[in-house]
Amino acid sequence: MRLSIFWRLILTYVVIIAVMTAVNVYALLQIRTLAGLNTEVGSHHHPEIESAKRLLSSFYEQVHSEKKYVAVPAATFLEHFDAESKEFQLVLQGLLAQATSESEMRLLKAVERIQQAHLELFQTQLAETGGQTVQSDAGYYDERREALAGSIASNLQQYIGLHESRIAVGVNESRASSIQAESVTRQLILVALLFGLGLASVASYNILRPLRRLQSTIQEMGQGNFQASLDGQAPRELRELGDTVKWMGARLQQLDEIKSEFLAHVSHELRTPMASIQEGTHLLLDEIPGPLTQDQRTTLRIMSDSSRRLMSLISTILDLSKMESGMMEYRFVPTDLRRVADISVNKIRLLADAKQVQLQVEAPPERYWVRADSTRIEQVLDNLLSNALKYSAEGAAVRLQMVPRREEGLLFVDVMDSGPGIPAEEVPHIFERFYQGRTKTRHASVGSGLGLALAKKVVEAHGGRIWVESEVGKGTTVRFFLCLTKPGLLA
């Protein structure tokens, strides 16, 4: 089952979120474990240590009150002794209730027995003396009391040391657990990050690969291959888009076929009658059917010129349409550009002589070969020379100059006139179809505005570039370059 882009993205995000959630859950569990260790230390061991210290302090208070009472049998000292004794029992019973190990219970029971022994010793001392101090028994009583006090202090210190050791163990365990949790969490985050990036890359690749294939298909259609289609697996949305592009290609193929048929039809239907009109006009001008008057000859010449211009315009339009649709075929062969230039110059020489315009060709004596379709380059030179002649005044000069640049592998061709020039704001538009500009000459004929557009298409198809340099009142130079072939290719 092929998933759509939406579900692919959703599943990718869900998996990435699940992995990151698992990492966060692990981190939270480790934090909870550390918090439990800290809670145990803070809520159990520290309070028991403090209680043990209170027991030891309470016992010393009892001993202190006892000594005062033995020295001075005042009821206040005895009451203080009894209060401390009860406090001692209360705290001790609390510790016994919270004891969690046999060692704790053993130490606390020992403290309880020693406390009872101390109370019995004090009661016995009071019963024997009747509340009076007896000097003969004072030494034994003091020794016995100090021994009991030392035993209690020793057991309570052992109890405190037991809890302090457990605190140290808990702290070490917490530190080790924290280091381990930090290391594992860091590794898990790195793995999750790499996994997420890998998963996102796979998902993106599965989406971008069909898009690139679709882009390639559209580019092939733009180059005239309307049969190209989107192959391979792709998400549902892209397959639907590919089907739409395929349908568009079929429609473009139909339109291209219609256009080709239209061009062929126009070429046949217009050129054939125009050729007949031209041929008939020439027959009349040659007075084959009979003599002509001067007015009739003038009219036929006008008709001949008009039909010739119309024929040229039709050919230019058809050629330009073929170029723009990519249907124009070129035969690129090594071509002697000087020979092509001489042919174009000879075509307009009679017209130049009629306007008393000099045609000057400036080219190096050796021949330079360019990779070109000679027929199309000749068409370019015809248009450029005709334009230059059209805008040149009587007695002016039109120059065709060729300058090779071997280091660049290029041959530059300039067609220059000394006409009125082109305003700077019009220069960017002169290669547009049907653009004729506002510059007019008194005797210039009206053109179609297609010559320079066609010239630009032809030069660019040859891998060159064409541009205009002009200054109002000083003339115009149309310049283009073509690529030179290897020297001596056709000697």
Side-chain angles (χ1 to χ4, degrees), residues 3 7-60 87-88 90-112 114 150-208:
L3 298 176
W7 285 111
R8 290 189 185 199
L9 293 177
I10 289 296
L11 290 177
T12 302
Y13 293 151
V14 167
V15 173
I16 293 175
I17 291 173
V19 172
M20 297 306 297
T21 301
V23 173
N24 290 331
V25 168
Y26 174 80
L28 289 175
L29 290 177
Q30 294 301 316
I31 291 174
R32 180 174 294 181
T33 301
L34 294 177
L37 292 174
N38 293 330
T39 301
E40 182 180 359
V41 171
S43 62
H44 178 66
H45 296 295
H46 278 299
E48 291 190 353
I49 291 175
E50 293 298 324
S51 297
K53 290 180 179 180
R54 283 184 58 195
L55 282 179
L56 188 59
S57 175
S58 177
F59 182 78
Y60 285 140
E87 178 69 16
F88 185 92
L90 183 63
V91 174
L92 180 60
Q93 293 303 318
L95 289 178
L96 286 170
Q98 296 178 1
T100 57
S101 65
E102 293 182 1
S103 57
E104 292 180 18
M105 187 65 69
R106 177 177 53 79
L107 291 173
L108 292 176
K109 288 294 185 180
V111 170
E112 186 178 23
I114 296 171
S151 296
I152 284 184
S154 175
N155 282 279
L156 288 177
Q157 288 297 335
Q158 292 181 31
Y159 181 82
I160 292 173
L162 180 64
H163 281 281
E164 287 179 345
S165 64
R166 291 180 178 176
I167 289 176
V169 171
V171 169
N172 291 333
E173 290 179 355
S174 177
R175 183 182 296 109
S177 179
S178 174
I179 294 173
Q180 181 181 5
E182 181 181 359
S183 176
V184 173
T185 302
R186 187 185 298 112
Q187 294 175 2
L188 287 176
I189 290 175
L190 180 60
V191 170
L193 181 61
L194 294 177
F195 178 78
L197 290 175
L199 195 61
S201 299
V202 171
S204 300
Y205 175 75
N206 288 333
I207 294 173
L208 291 178

task: Would you give the length of the straight line joining atom CG of Leu96 to atom CG of Leu107, rounded to the nearest 0.5 angstrom?
output: 11.0 Å
message: Tell me whether Ser183 contacts the main-chain N or O of Ile179 through its side chain, where contact means a donor paired with an acceptor under 3.5 Å.
response: no
field: Gap between atom CZ of Arg106 and atom NZ of Lys109 - 0.5 Å precision
entry: 13.5 Å
- request: Drop me the distance from Tyr159's OH to Leu55's CG, to the nearest 0.5 angstrom.
  value: 8.5 Å
- prompt: Which pair of non-hydrogen atoms, one from Ala52 and one from Leu95, has the smallest distance, and what is that distance?
  reply: N-CD1, 4.1 Å
- prompt: Between Glu104 and Gln98, what is the shortest heavy-atom contact and its length?
  reply: OE1-O, 4.4 Å
query: What heavy-atom pair brings Ala99 and Met105 nearest, and what distance separates the two atoms?
result: CB-CE, 3.8 Å
query: Distance from Ser103 atom OG to Leu108 atom CG, nearest 0.5 Å?
result: 9.5 Å
- prompt: Any side-chain heavy atom of Ser58 sitting closer than 4.5 Å to one from Val91?
  reply: no
message: As an exercise, state the distance from CD1 of Ile16 to CG of Leu193, rounded to the nearest 0.5 Å.
response: 10.0 Å
message: Under a 3.5 Å distance rule, please check whether Ser57 uses its side chain to pair with a backbone N or O of Lys53 as donor and acceptor.
response: no
query: Between atom CG of Leu92 and atom CZ of Arg54, what is the distance when rounded to the nearest 0.5 Å?
result: 12.0 Å
